[in-house]
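Report on the following structure.
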Amino acid sequence: CDSSSTTVFDGPSDAPSIQAMVNWNINIVRVPLNEDCWLGINRYPGGYASATYRQGIIDYVHLLNAYKMAVILDLHWNAPGTQQSNGQQPMPDTDHTQIFWTSVATTFKSESAVIFDLYNEPYTQNWKCWLEGSTAAYTRPCEDVDFAVTGMQTLVNVVRVTGATNVIMLGGLAYANDLSQWLQNEPHDSAHNLVASFHAYNFNHCNTPS
């Protein structure tokens, strides 16, 4: 969604489009979310109410589940303060991301076929920043991020305090391509239900089976 959009989805989100996915033997669908649009902040979404955005996502998730597909909900676009979430950021922000995941987890906590991918492709260079976050811009251990960061441990806690036991996915560094220290920095999870998320690109370091 953006300031001029009047619809939740750019393409079809109806039963025939899902049936096509079934015919392709797809069994899981990733649905990227926009922090501002879900929360209705910073003048997003522009063409309709945030409640419409949330209900559109909820309805789509339920339709996918009805076709026996699992759903990954990931926080794809976010931004600190009054900046609009219209692009990729290196890490989750402290201003809105905790509120976002509290709301999303509360909404879907009774639905075991919904997986939470806490952040799309982090690209801070510091595993300690990834895990712990920071209190201000350019502050240790997140010297390479120009806003206060919410770390993965905090986000796992935020989800679990809602009572949600859903699977949680956590991408590593370098746009989720670097898992080299994932285990050493694995957040504590009261539900013991975490997944290491890996994204492979031909231009990234880890781009072959070897």
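The first residue in the sequence is number 1, and the count goes up from there.
- Within the 3.5 Å criterion, the main-chain N or O of D14 finds a donor-acceptor partner in the side chain of S17.
- In summary, the side chains of S50 and W38 do not present any donor paired with an acceptor at a separation below 3.5 Å, with no hydrogens or angles considered.
- Not one N or O on the side chain of T124 forms a donor-acceptor pair closer than 3.5 Å with the backbone of P90.
- In this structure, L194 CG and D189 CG are separated by 4.0 Å, a value rounded to the nearest 0.5 Å.
- Remark: the backbone N or O of T150 is not paired with any side-chain donor or acceptor of T154 at under 3.5 angstrom.
- With hydrogens and angles ignored, the 3.5 Å screen pairs a side-chain donor or acceptor of N177 with a backbone N or O of C206.
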Using distance only, find each side-chain donor-acceptor pair of residues 164-173 under 3.5 Å and give its atom names and separation, not counting sequence neighbours.
{"from": "N166", "atom 1": "ND2", "to": "F108", "atom 2": "O", "distance (Å)": "3.2"}
{"from": "N166", "atom 1": "ND2", "to": "E111", "atom 2": "O", "distance (Å)": "3.0"}
{"from": "N166", "atom 1": "ND2", "to": "V114", "atom 2": "O", "distance (Å)": "2.9"}

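- Here the side chain of R160 pairs no donor or acceptor atom with the backbone of S190 at under 3.5 angstrom.
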Step by step, would you call N185 with Q153 a side chain to side chain donor-acceptor pair (under 3.5 Å)? CA-CA 9 Å; N185 292 277; Q153 181 63 72; over 6 Å; no
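- To the nearest 0.5 Å, atoms CG (D59) and CG (L63) are separated by 8.5 Å.
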Can you list, pair by pair, the side-chain donor-acceptor contacts under 3.5 Å of residues 69-77, counting residues two or more places apart and other chains?
{"from": "D74", "atom 1": "OD2", "to": "R30", "atom 2": "NH2", "distance (Å)": "3.4"}
{"from": "D74", "atom 1": "OD2", "to": "H76", "atom 2": "ND1", "distance (Å)": "2.9"}

Could you walk me through whether H199 and E121 pass side chain to side chain donor-acceptor pair (under 3.5 Å), step by step? CA-CA 8 Å; H199 294 192; E121 299 185 348; 2.7 Å; yes
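- Judged purely by distance below 3.5 Å, without hydrogens or angles, the side chains of T97 and E35 pair a donor atom with an acceptor atom.
- For the ring-ring contact (aromatic ring centres under 6.0 Å, His included) with Y175, the qualifying choice from F203, Y119, Y123 is Y123, the only one to do so.
- For the pair N207 (side chain) and N204 (backbone), a donor-acceptor distance under 3.5 Å is present.
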